[in-house]
**Student:** 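Submitted below is the structure of interest, expressed as structure tokens.
In each ligand, atom 1 is the first atom listed, and ligand 1 is the first ligand listed. Bear in mind the structure is a predicted one, so any value in this text is a computation, not a measurement.
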Amino acid sequence: MHILLTGGSGFIGSNFVRYVLRDRPGYSVTNLDCLTYSGNPENLSDVEGGPRYTFVHGNILDIELVTELMQKVDCVVHMAAESHVDRSIIDARPFVESNVLGTQTLLDALRRVDPDNTKKFVHVSTDEVFGDLPLDKPDELFSETTPYAPSSPYSSSKAGSDMIARAYHHTFGMQVMITNCSNNHGPYQFPEKVIPLFVTNLIEGKKVPLYGDGQNVRDWLHVEDHNEAVLAVLEKGTAGEQYCIGGNNERSNLELTHSILELMGKGEDMIERVTDRLGHDRRYAIDATKLKTELGWAPSRSAWPQALEATVKWYVDNEAWWKNVKSGAYRKYYETQYGSR
Ligand code: NAD
Ligand code: DAU
């Protein structure tokens, strides 16, 4: 099986490549990535040059390029996206371009090369498309039947991409499947997201900026569990279906921060209370029953606090990686977004 993976140089994508090469000997991966600020070829330096991995530097908005690539593969796993909520509040434009138009471009290219709909397309999306849940109703969870109610420019753009993906299945009969996953953690996450940001700040002797009252809740899942679920959907999922992926592991940001401080041997004085994120979603939590009962998936690497401990240790052990990323990130971001595209 030859997979076209989009966004493979980012956090989840690079872990996906490594997972597939390790666990699926018969598979090969072509990674299409335009290397925005969060796409880093160093994330895959250990597999670069191997016979089952090919990197293509290009944009998912380039219809001719993606059409050419789709002719050579058996299926598509689409992860490329602008992924950070705070950035979408500063400038929503790249989010609409990459997430909505990018997804539509890929689907159009696939239609061109595969009129008989033989190739599967897994669209990797987020639980944020459902909006948020109240803190005082712990029994309420997101599932595949929850109505869409996105609240940030990021989640709205992902919701738009999900709708396009759904429409291409309904209208053209394409083998599209959508996944909606909760918050991931693990190696190679860009240190703008809360866990790597907090851990690396603490190593640098800086405080950790906790938004608002710190009561917001996220459902944390190890990235390898996410990628295992994506593979399960690719291999066993039903066309036109949607699958929610979660860790059954809800933590408030304050609880998460205390755990990180403890693991790093730091005190409460390292927390800096800062102004809340605009429109900050209160709680995300997933009911992943469908994935378990229909495809036999359950998280096996996300047990808390061991999973968090392993992630924290990775950043402690890989200082060269994140120092390089932190120092060059913003310059590279603007160059890529507005310069060389
Ligand atoms: P990331 O920002 O680390 O990586 C995104 C990758 O996509 C980067 O390598 C970037 O260069 C590439 N990319 C962006 N726009 C592109 C374009 N126009 N053409 C080609 N490449 C482009 O993001 P991530 O956290 O790895 O997320 C991957 C996917 O998973 C996204 O679709 C995101 O919405 C989804 N997701 C993320 C999480 C999470 O917790 N991180 C949870 C659920 C779903
Ligand atoms: O739920 C899935 C989503 O999880 C993915 O779709 C997104 O791509 C991914 O970025 C993530 O979104 P969040 O907004 O939940 O992740 P982030 O790491 O930015 O923030 C997690 C929580 O921590 C959130 O409640 C905001 C808070 N936070 C974040 C940062 C960066 C802080 O308190 N301080 C911070 O500096």
**Student:** Looking at ligand 1, is there an atom of it that comes within less than 4.0 Å of some heavy atom belonging to Thr6?
**Tutor:** no

**Student:** Under 4.0 Å from any heavy atom of Thr126, which atoms of ligand 2 are there?
**Tutor:** 1 (O), 2 (C), 3 (C), 5 (C), 6 (O)

**Student:** Suppose we screen for side-chain hydrogen bond (donor to acceptor under 3.5 Å, both in side chains). Which residues come up paired with Glu319, at least two apart in sequence or across chains?
**Tutor:** Lys323

**Student:** Is NZ or CZ of Arg166 both nearer than 6.0 Å to the six-membered ring centre of Tyr148 and within 45° of the ring axis?
**Tutor:** yes

**Student:** Is Ser182 close enough to touch ligand 1? Criterion: a residue heavy atom under 4.0 Å from a ligand atom.
**Tutor:** yes

**Student:** So is Phe198 polar-close to ligand 2, meaning N/O to N/O under 3.5 Å?
**Tutor:** no

**Student:** At a 4.0 Å cut-off, with the gap strictly under it, does some heavy atom of Lys158 reach an atom of ligand 2?
**Tutor:** no

**Student:** Has Arg218 got its NZ or CZ under 6.0 Å from the middle of the six-membered ring of Tyr284, at an angle within 45 degrees of the ring axis?
**Tutor:** yes

**Student:** Sequence neighbours left out, what passes salt bridge (Lys or Arg N to Asp or Glu O under 4.0 Å) with Glu262? Give chain and number order.
**Tutor:** none

**Student:** Return yes when Tyr154 approaches ligand 1 closer than 4.0 angstrom through a heavy atom, no otherwise.
**Tutor:** yes

**Student:** Ser14: heavy atom below 4.0 Å from ligand 1, yes or no?
**Tutor:** no

**Student:** Heavy-atom contact under 4.0 Å between Ser155 and ligand 2?
**Tutor:** no

**Student:** Does Asn59 come within less than 4.0 angstrom of ligand 1, counting non-hydrogen atoms of the residue?
**Tutor:** yes

